[in-house]
Number of protein chains: 2
Amino acid sequence: MDRFVSNFTNRLDSKGRVSIPASFRAVLARDGFEGLYVHPGLDAPALDAGGNALLGEIDALLASLSPYSEERDHLSTALLGTSEVLKIDPEGRVILTESLKAHAGITDTVTLVGHGHKFQIWEPEHFRQHLDEARARVRDLKKTLGARLAARPGSSPPPGVPGT
Amino acid sequence: MDRFVSNFTNRLDSKGRVSIPASFRAVLARDGFEGLYVHPGLDAPALDAGGNALLGEIDALLASLSPYSEERDHLSTALLGTSEVLKIDPEGRVILTESLKAHAGITDTVTLVGHGHKFQIWEPEHFRQHLDEARARVRDLKKTLGARLAARPGSSPPPGVPGT
DNA sequence: GTCGATTCCATTGACGCCCATATGGTCCCA
DNA sequence: TGGGACCATATGGGCGTCAATGGAATCGAC
């Protein structure tokens, strides 16, 4: 598998170490990034983490804005300015900085959630709520999407047209 | 055969393992995906399972949304974040995670239902109810479809719908 | 020397892999 | 055409390996 999928809930030990799930580590290894790139989520009490794929996305986003624009400066500050590159120890664990933990409200447990090219780190209870909301939104969104996809023949995925 | 067809009801053993029907395994093998990709149904107490074909459908869906939109984030959370890539043991069995079983109300038996490019996993009794309702709905739909197809002769999907 | 950080080692429990059994269906042959 | 050998799939359990976790040991810096 070449992307972050599924979710895991792991504990922080007395030294503040958290295990990165083995499957996530496999993706990172393939991605070829040394360590773990982490930054606070822009609009959620969560952390975004990943490797080169995530960095690339951020670069692309910044590149899409004009060099000296205020937006770019703000975005650069929010993303790059607050990022951390965490070391991964021999057992596949990282130590989150205090500011990162504070942003996500993390104390002694985290939920790591796959998002394809990156993954998020949540305080478990916050994630439950976020997931509930996401599901609710998606139920509505799905109807809209179904209509949109049906209306744009070329974009409909291969064989199976209808969703269930 | 290159799509999931028919339905099977199998038991979970004491370790929570379920056999994937041989015919489904054949489709997966042709699809070329290692393991089984599974995610909770968005609007039904069932699980969606499949291989690259299913993954491709999800990718297409996510790709149709702008990278940093809320919609995309929610969809990604609900789909990728709750997905599992299950390993298939040498006997063709998988172990469903607790959260997957909880979502579908699965305890010791499941019904696997072919849906062409993917298949669903249901708690047998839930599926019976779902089937009854589906049948009722189809009776109405059929009239509509019959009318539509009759009106657009060329659009009827002949024998072989191109596989993926 | 003390404190912090990083690496090493040990434990536990889950998971993957192996082999064994049961059951149903198919095919062959008398 | 009926009976029986054969095969494939579903199912059950035992065992080794790996990952998550906790704590000890080592290294480096101030």
Side-chain angles (χ1 to χ4, degrees), chain A residues 1 4-30 33-36 38 49 84-101 106-114 119 121-124 127, chain B residues 1 4-30 33-38 47 49 51 83-102 106-114 119-124 127:
Chain A
M1 179 56 57
F4 301 104
V5 167
S6 184
N7 68 88
F8 306 83
T9 298
N10 290 341
R11 303 191 47 189
L12 277 73
D13 66 18
S14 57
K15 296 166 149 184
R17 298 177 296 191
V18 218
S19 284
I20 307 291
S23 65
F24 284 11
R25 296 204 301 264
V27 177
L28 287 171
R30 174 175 307 216
F33 188 76
E34 268 301 305
L36 181 68
V38 185
E84 307 275 353
V85 175
L86 305 179
K87 290 194 190 93
I88 300 182
D89 77 12
E91 281 74 35
R93 295 176 287 197
V94 296
I95 298 183
L96 300 174
T97 65
E98 282 308 318
S99 62
L100 288 176
K101 286 194 281 187
I106 291 166
T107 56
D108 64 348
T109 316
V110 298
T111 297
L112 304 111
V113 186
F119 65 90
I121 303 176
W122 288 80
E123 189 284 320
F127 176 66
Chain B
M1 178 58 64
F4 302 104
V5 174
S6 182
N7 69 88
F8 306 82
T9 298
N10 290 340
R11 301 191 48 190
L12 277 73
D13 66 18
S14 59
K15 295 163 92 172
R17 298 177 295 192
V18 218
S19 284
I20 306 292
S23 65
F24 284 11
R25 296 205 299 265
V27 178
L28 287 171
R30 172 175 307 216
F33 187 75
E34 268 301 306
L36 181 68
Y37 185 84
V38 185
L47 311 175
S83 297
E84 306 282 350
V85 176
L86 306 179
K87 288 216 177 109
I88 301 182
D89 76 12
E91 283 74 34
R93 295 173 289 193
V94 296
I95 298 184
L96 300 175
T97 65
E98 283 307 316
S99 61
L100 289 176
K101 286 193 282 188
I106 291 166
T107 56
D108 64 350
T109 316
V110 298
T111 296
L112 304 111
V113 187
F119 64 90
Q120 292 190 327
I121 303 176
W122 288 80
E123 189 284 321
F127 176 65

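When reading the values below, keep in mind they use all heavy atoms of this one structure, side chains included, and skip hydrogens, waters and symmetry mates. Chain letters run A, B, ... following the sequence lines, proteins first, then strands; residues in each count from 1.
- The distance from atom CG of Leu96(A) to atom P of dA5(C) is 14 Å, rounded to the nearest whole Å.
- For dG23(D), its base sits under 3.5 Å from the side chain of Arg17(A) at one donor and acceptor pair at least.
- Atom NZ of Lys87(A) and atom P of dG28(D) are 14 Å apart (whole Å).
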Exercise for review: Check step by step if side chain to side chain contact (heavy atoms under 4.5 Å, CB included) holds for Leu28(A) and Ile88(A).
Suggested key: CA-CA 11 Å; Leu28(A) 287 171; Ile88(A) 300 182; 4.3 Å; yes
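- Atom CG of Asp13(A) and atom P of dT7(C) are 15 Å apart (whole Å).
- Relative orientation of the Phe24(B) and Phe119(B) rings is tilted, given thresholds of 30° and 60° on the angle between their planes.
- Rounded to an integer number of Å, the gap from Asp108(A) CG to dG22(D) C1' is 15 Å.
- With distances taken from any side-chain atom of Ser19(B) to the nucleotides dC17(C), dA20(D), dT11(D), the minimum falls on dT11(D).
- Residues Leu12(A) and Thr107(A) approach most closely at CD2-O, 3.7 Å, considering heavy atoms.
- For the atom pair CD1 of Ile106(B) and CH2 of Trp122(B), the computed distance is 10.5 Å after rounding to the nearest 0.5 Å.
- If you measure from atom CD1 of Ile20(B) to atom P of dT11(D), you get 11 Å, rounded to the nearest angstrom.
- If you check every strand for non-hydrogen atoms under 4.0 Å, Lys15(A) touches a base.
- Residue-level contact check: Leu86(B) touches neither bases nor backbone, having no heavy atom under 4.0 Å from any strand.
- At least one side-chain nitrogen or oxygen of Arg25(B) sits closer than 4.0 Å to the OP1 or OP2 atom of dA10(D).
- Under the 4.5 Å side-chain criterion, counting only non-hydrogen atoms from C-beta, Arg17(A) is in contact with Ile95(A).
- Asp89(A) has its CG atom 15 Å from the C1' atom of dA25(D), to the nearest Å.
- Side-chain atoms of Glu91(B) lie closest to dT11(D) of the nucleotides dG16(C), dT11(D), dG22(D).
- DNA chain D is contacted by both Leu12(B) and Arg93(A); Leu12(B) maps to the nucleotide lying nearer its 5′ end (nearest heavy atom per residue).
- Distances were taken from every side-chain heavy atom of Ser14(A) (C-beta onward) to each of dT7(C), dG23(D), dC17(C); the shortest belongs to dG23(D).
- When rounded to the nearest whole Å, the span between CZ of Phe8(B) and P of dA10(D) equals 8 Å.
- Within the nucleic acid shown, Arg11(A) comes within 4.0 Å of sugar-phosphate atoms alone, with no base atom in reach, counting heavy atoms only.
- Computed from coordinates, the Ile88(A) CD1 to dA19(D) P distance equals 14 Å when rounded to whole Å.
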